[in-house]
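Letters go in sequence order (proteins before strands), and every chain restarts at 1. Since this is a predicted model, take the numbers as computed values, not measurements.
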Amino acid sequence: MSDVNSRPADLPADATNEPVAGHFIHDEIIRDLAAGGRFAGQQVHTRFPPEPNGYLHIGHAKAIVINFSTAEKFQGLCNLRMDDTNPSKEDTEYVDSIKEDIHWLGYDWEDRFYYASDYFPQMYEFACRLIEKNLAYVCELTSEQIRQTRGTLTTPGSESPWRDRPAAESLDLFHRMRAGEFPDGAMTLRARIDMSSGNMNMRDPVIYRISRANHHRTGDRWCIYPMYDFAHPIEDAMEGITHSLCSLEFEDHRPLYDWIIDHIDGPARPRQIEFARLNLTHTVMSKRRLRYLVEEKIVDGWDDPRLPTLSGLRRRGFTPASVRSFCERIGVSKVNSTVDYAFLEHCLREDLNSTAQRVMAVIDPIRLIIDNYPEGKSETFEIENNPESPEDGTRTVTFSRELWIERDDFREEKFKGYFRLFPGQEVRLKTAYVIRCTGCDKDEQGQITAVHAEYDPATRGGNTPDGRRIKGTIHWVDTLNAIPAEVRLYDNLFSAADPDDSESQFIEHLNPESLTVRTGCQVEASLAGLTPPKAFQFLRLGYFCLDSKDSRPDQLVFNRSVSLRDSWSRSQK
RNA sequence: UGGGGUGUCGCCAAGCGGUAAGGCACGGGACUUUGACUCCCGCAUGCGUAGGUUCAAAUCCUGCCACCCCAGCCA
């Protein structure tokens, strides 16, 4: 490497004072911060502005991570703000879940928690100033008439007959709108911009409407409410936001955003930058679709472990670190994209591999009888809690003549590539002994009821003093103290990568096997009396967590967060 | 046929005129007391397309094509 003069050789590339770009938004911010830039010398200030009308999902997580991590990167601040300008759709019940989800993700807005409704008085004042400047007018067209006069994508709209009424008259009417003199929908306040603009948003957009809906915070103090396009830039300006990051569909609202900023003489001039929202394969993200699944009881509520809601992912066993890692690694761009669900799973496995305690559990148990092991005898073994993390220590498991093993770990006949139990075959019982399969018992129907084997006392601990190689190692649980449990196995909610394709109803793509409930599972005794939250790796099976809703200390219910990668079953397909 | 965007490997995504990073997925191999993990190897003579400028183009210019968003008193 050359250029040793520009930077001390022992410093990493980003150890200078110059911020290093992470994606195009950071590029823009670096430009804005540079000498002569739009925000030169200012502290970066972002915000996450959810509307409290639903639960947060992984798509929101992307936006949250972008906003909070951008602020962090530039040593700035990020606010949390409820964008509650439409009382007919919003409710305080969502506010708490939103805060909980963001905190769970690991972000904190300190004392900067705001409501758009906090600014209703200022917004009203700004609107009055706009009227006085003849930049807004009270329009008495009905919504139907407004629609008809808006024109189409290819033809200009026509001007409202109220467009040129005197400012004083508009102002008076606006005051009276606020005073409740007119019924809902009777009139609106419109920005006076350009009815022939190619940008529909600039065709005299409505910025205030009359609505007597009860607001979750301001009650019936107001009967007029600002529209998003008017409210949002003001909210940002009031909070001194520098960079207002939002999704692509607001791109053509930016001229209006800037128009508002330009004409209100607000306390700041924020800059809106848009990025592509997240789509994931095998699921749906729209509020409407999620609501449908919940209301039609296709899933078990907003926190169903199959849903991409943050509460669902949490219940499924996703860790905040894994979700954050996912959001950071998918990148930020302006390309409409759909990320493979497998990548989300990868991020979870990666986190859990290093942190999850290993434990033995048998989901589909069959009895293994070790015929040459003394009846009544029992011994104990120390097993590492996590081979990836020796400092996590060990735990004790008991061993006796009869064990539970996975039904799938026994075959009546050997077949190509299979190296678990079949008559004559040796396998290792994890950390216990090497055993040789001798056969099995069957009932009248021919169902296998038990597997028989003989153990080699010389292999205690699973070692082979004679050096012989044992290819297969299987997990097991002592029948003497195993704990019964329920295990819920999850798969994609939709079998199609894109359930929202245009040819069919998304509901037609539901995966009938998205949930498989297994009862009668047997888990090792160390799991007795457990309470959530706790994540485990069930050896050889996958990562599991206690179900936060249904698990009881005496009646354990586990959710499979994600299976282990399985090159064997993959090769069998 | 208006306006605003976007097109780099199956999926994300770097690249900012000097000769295509990385991750996921996939395939092969090594290792293995988890068929896990880890580690190797492979995976775009090509950057929507056609021209042009240049010694040199994914990067600059022009035309074309495809896809996404916009006609709520939703956000």
Spacing of [X] atom [atom1] relative to [N] atom [atom2], expressed in whole Å:
X      : N     : atom1 : atom2 : answer
A/Q148 : B/A71 : CD    : P     : 16 Å
A/N199 : B/G3  : CG    : P     : 11 Å
A/L248 : B/C67 : CG    : P     : 18 Å
A/M200 : B/G3  : CE    : C1'   : 10 Å
A/R411 : B/G35 : CZ    : C1'   : 13 Å
A/L564 : B/U32 : CG    : C1'   : 14 Å
A/N336 : B/C12 : CG    : C1'   : 13 Å
A/H475 : B/C37 : NE2   : P     : 16 Å

Select base, sugar-phosphate, or nothing to describe what [X] touches, counting heavy atoms under 4.0 Å on all strands.
X      : value
A/Y418 : base
A/Y225 : nothing
A/G472 : nothing
A/R469 : sugar-phosphate
A/E274 : nothing
A/V434 : nothing
A/I330 : sugar-phosphate
A/S333 : sugar-phosphate

**Q.** Toward the 5' end of RNA chain B, by each residue's nearest nucleotide, A/F24 or A/T464
**A.**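 Nearest nucleotide further toward 5': that of A/F24.
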Q) Closest nucleotide of RNA chain B for A/G462 versus for A/S567: which of these residues is on the 5' side? A) A/G462
(Q) Quick check on the 6.0 Å ring-centre criterion: do A/F538 and A/Y543 meet it? (A) no
Q.
Is the distance from the ring center of A/H232 to that of A/Y228 below 6.0 Å?
A.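 A/H232 vs A/Y228: aromatic centres under 6.0 Å.
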Counting only Watson-Crick or G-U wobble pairs whose two distances fall under 3.5 Å, which nucleotide matches [N]?
N     : value
B/C31 : none
B/C37 : none
B/U6  : B/A66
B/C60 : B/G52
B/G42 : B/C26

With a cut-off of less than 4.0 Å, is there a side-chain N or O of [X] near OP1 or OP2 of [N]?
X      : N     : answer
A/T152 : B/G2  : no
A/R254 : B/G4  : no
A/T338 : B/C11 : no

Rounding to the closest angstrom, what is the interatomic distance between [N] and [M] at atom [atom1]?
N     : M     : atom1 : value
B/U54 : B/C60 : C1'   : 9 Å
B/U8  : B/A20 : C1'   : 8 Å
B/G51 : B/C70 : C1'   : 33 Å
B/A71 : B/U59 : C1'   : 37 Å
B/A50 : B/A14 : P     : 25 Å
B/G7  : B/A58 : C1'   : 12 Å
B/C40 : B/G10 : P     : 25 Å

Tell me whether [X] forms a cation-pi arrangement with [Y], defined as NZ or CZ under 6.0 Å from the six-membered ring centre and within 45 degrees of its axis.
X      : Y      : answer
A/R176 : A/F182 : no
A/K414 : A/F422 : no
A/R81  : A/F48  : no
A/R217 : A/Y115 : yes

Q. Under the ring pair (Phe, Tyr, Trp, His ring centres under 6.0 Å) rule, what pairs show up with a residue in residues 189-213 of chain A, not counting sequence neighbours?
A.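 Those involving residues 189-213 of chain A are A/F174-A/Y208, A/Y208-A/F230.
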Q) Does the B/U34 base have a donor-acceptor partner in the side chain of A/Q537 within less than 3.5 Å? A) yes
Q: Kindly say whether, by distance alone, the side chain of A/D252 makes a donor-acceptor pair under 3.5 Å with the base of B/G3?
A: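 Check passes, donor-acceptor contact within cut-off.
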Strictly under 3.5 Å: I want the nitrogen or oxygen pairs between protein and nucleotides 24-27 of chain B, one per line.
from  : atom 1 : to     : atom 2 : distance (Å)
B/G27 : OP2    : A/R570 : NH1    : 3.3

Q: Indicate yes or no for a side-chain donor-acceptor contact from A/D84 to the backbone of A/A116 under 3.5 Å, with no hydrogens or angles considered.
A: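 Yes, the answer is positive, given that a donor and an acceptor are paired below the 3.5 Å cut-off.
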**Q.** Backbone N/O of A/V138 and side chain of A/S170: donor-acceptor pair under 3.5 Å
**A.** yes
Q: Applying ring pair (Phe, Tyr, Trp, His ring centres under 6.0 Å), name anything that partners A/Y455, two or more places apart in sequence or on another chain.
A: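 Counting only residues at least two positions away or on another chain, A/Y455 forms a ring pair (Phe, Tyr, Trp, His ring centres under 6.0 Å) with A/Y373, A/Y433.
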Q | Shortest side-chain distance from A/V339, nucleotide among B/A36, B/G3, B/C12 | A | B/C12
**Q.** Minimum-distance nucleotide (side-chain atoms of A/N353 versus B/C37, B/U6, B/A13)
**A.**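 Ranking B/C37, B/U6, B/A13 by closest atom to the A/N353 side chain puts B/C37 first.
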Can I get a per-line list of side-chain donor-acceptor pairs under 3.5 Å for residues 326-333 of chain A, giving both atom names and the distance, sequence neighbours left out?
from   : atom 1 : to     : atom 2 : distance (Å)
A/R329 : NE     : A/S325 : OG     : 3.4
A/R329 : NH2    : A/E350 : OE1    : 2.8
A/S333 : OG     : A/V335 : N      : 3.2

Listing time: all N or O pairs from protein to nucleotides 73-75 of chain B that are below 3.5 Å?
from  : atom 1 : to     : atom 2 : distance (Å)
B/C73 : OP1    : A/R150 : NH2    : 3.3
B/C73 : OP2    : A/R150 : NH1    : 3.0
B/C73 : N3     : A/G185 : O      : 3.3
B/C73 : N4     : A/L141 : O      : 3.0
B/C73 : N4     : A/S143 : N      : 3.0
B/C73 : N4     : A/G185 : O      : 2.9
B/C74 : OP2    : A/R209 : NE     : 3.1
B/C74 : OP2    : A/R209 : NH2    : 2.8
B/C74 : O3'    : A/N86  : ND2    : 3.4
B/C74 : O3'    : A/R209 : NH2    : 3.2
B/C74 : O2'    : A/N86  : ND2    : 3.0
B/A75 : OP1    : A/T85  : OG1    : 2.8
B/A75 : OP1    : A/R209 : NH1    : 3.2
B/A75 : OP1    : A/R209 : NH2    : 3.0
B/A75 : OP2    : A/Y228 : N      : 2.9
B/A75 : O3'    : A/D83  : OD2    : 2.7
B/A75 : N6     : A/H253 : NE2    : 3.4

Q.
According to side chain to side chain contact (heavy atoms under 4.5 Å, CB included), who are the partners of A/D498, at least two apart in sequence or on a separate chain?
A.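 Applying side chain to side chain contact (heavy atoms under 4.5 Å, CB included) to A/D498 gives A/D500, A/D501.
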Q.
Between A/D478 and A/T398, do the side chains contain a donor N or O and an acceptor N or O under 3.5 Å apart?
A. yes
Q: Taking syn as within 90° of 0 and anti otherwise, name the glycosidic form of B/G15.
A: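 Anti, which is what one calls it when the glycosidic angle falls more than 90° from 0.
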